[in-house]
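Working notes, structure below.
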Amino acid sequence: MKGIKLLALSLFSTAFLSFTPVKKKYIVVDAGHGGNDLGANVNGIAEKDIVLNIAKQIHEINESQEKYEVFLTRTSDEYKTLTERTDKINELSPVMVISLHMNRTPENDTQRQGHELFIQQSEDSKKIADKITQKLGSCSVAERDLHMLRESKSPAVLIELGYLNNKKDREYLSSEKGQKEIAQKFVDLFNEY
Ligand SMILES: [Zn+2]
């Protein structure tokens, strides 16, 4: 009886140990704005909603991947300060930070479209921007002194995914298909990083 108990116990602990996940490395995806801070807003379509949907899709698609754990700075329509976001980032010390935003031209120039990337003064940040450019197609890349980039100790890129006041960008980025495609491209990029 004792022997069986011991056997059962050792089988249980072996099974338990083999299912204990290895601690994953983090990638932080930051959906900009939230709550009362809508970000850009055109025809009732708000930047905060589009970027949250894409961030959640990235998290969901990445769930089946082994390489990285995706952490979202917000998972609902809530406002988080930039300092709260970068404090969390620096606590997790992820391999990269992707901050998602949408553009809007101030002069209401509805012709402009496409991606715009902002990076830190770091080689890793530049490398990630190059990878994003390969995945998403042509992007303009510039260094900029933004809180998310300056205060994040991990390599970080802020991406404006498209122009909300450009019809084509707006329709694509607010569609389920467009959001899924963009999210998949980011997960592919993570797996290759
Ligand atoms: Zn924004």
Should [X] and [Y] be regarded as members of a common hydrophobic cluster, given that ILVMFWY residues are connected when their side-chain heavy atoms come within less than 4.5 Å of each other, either directly or indirectly?
| X | Y | answer |
| --- | --- | --- |
| Tyr68 | Leu100 | yes |
| Met96 | Leu117 | yes |
| Val95 | Ile159 | yes |
| Met148 | Val70 | no |
| Ile98 | Leu149 | no |

If you define the side chain from C-beta out and look only at heavy atoms, does anything of [X] sit under 4.5 Å from [Y]?
| X | Y | value |
| --- | --- | --- |
| Arg74 | Val51 | yes |
| Asp37 | Lys48 | no |
| Lys126 | Glu143 | yes |
| Ile27 | Asn62 | no |
| Asp169 | Leu164 | no |
| Tyr163 | Thr105 | yes |
| Lys167 | Arg170 | yes |
| Arg112 | Asn166 | no |

Restricting to non-hydrogen atoms, name the atom on [X] and the atom on [Y] that form the minimum distance, rounded to 0.1 Å.
| X | Y | value |
| --- | --- | --- |
| Pro94 | Val28 | CG-CG2, 3.6 Å |
| Ile61 | Ala183 | CD1-CB, 3.8 Å |
| Gly162 | Leu173 | CA-CD1, 3.8 Å |
| Arg104 | Asn165 | CA-OD1, 3.6 Å |
| Asn53 | Gln179 | CB-OE1, 3.3 Å |

Practice item. Decide salt bridge (Lys or Arg N to Asp or Glu O under 4.0 Å) for Asp130 and Lys127; before the verdict, give the C-alpha distance in whole Å, the side-chain angles of both, and the deciding distance to 0.1 Å. Key: CA-CA 5 Å; Asp130 287 345; Lys127 254 185 235 164; over 6 Å; no
Point to revise | Polar side chain donor-acceptor pair, Asp188 to Gln184, under 3.5 angstrom | key: yes
Practice item. With sequence neighbours excluded, give me every salt bridge (charged side-chain N to carboxylate O under 4.0 Å, His left out) pair touching residues 79-102. Key: Asp30-Arg85, Glu78-Lys80, Lys88-Glu91
Gap between atom [atom2] of [Y] and atom [atom1] of [X] - 0.5 Å precision:
| X | Y | atom1 | atom2 | answer |
| --- | --- | --- | --- | --- |
| Phe71 | Tyr26 | CZ | OH | 7.5 Å |
| Ser175 | Ile50 | OG | CD1 | 9.0 Å |
| Thr110 | Lys168 | OG1 | NZ | 13.5 Å |
| Ser152 | Leu146 | OG | CG | 12.0 Å |
| Asp49 | His33 | CG | NE2 | 11.5 Å |
| Met102 | Glu116 | CE | CD | 12.0 Å |

Between [X] and [Y], is there a donor-acceptor pair closer than 3.5 Å when you use the side chain of the first and the backbone of the second?
| X | Y | answer |
| --- | --- | --- |
| Lys67 | Tyr193 | yes |
| Gln57 | Glu176 | no |
| Glu47 | His101 | no |
| Ser125 | Ala156 | yes |

Practice item. Starting from the C-alpha separation in whole Å, work towards a yes-or-no answer on side-chain contact (heavy atoms from CB on, under 4.5 Å) for Thr83 and His147. Key: CA-CA 8 Å; Thr83 306; His147 177 100; 3.7 Å; yes
Point to revise | Atom CZ of Arg144 with >12 non-hydrogen neighbours under 6.0 angstrom | key: no
Exercise for review: With Val97 as reference, evaluate Leu92, Leu158, Val29, Ile89 under the side chain to side chain contact (heavy atoms under 4.5 Å, CB included) test and give the passing residue.
Suggested key: Ile89
Point to revise | Pair Lys135 + Glu192: basic N to acidic O under 4.0 Å | key: yes
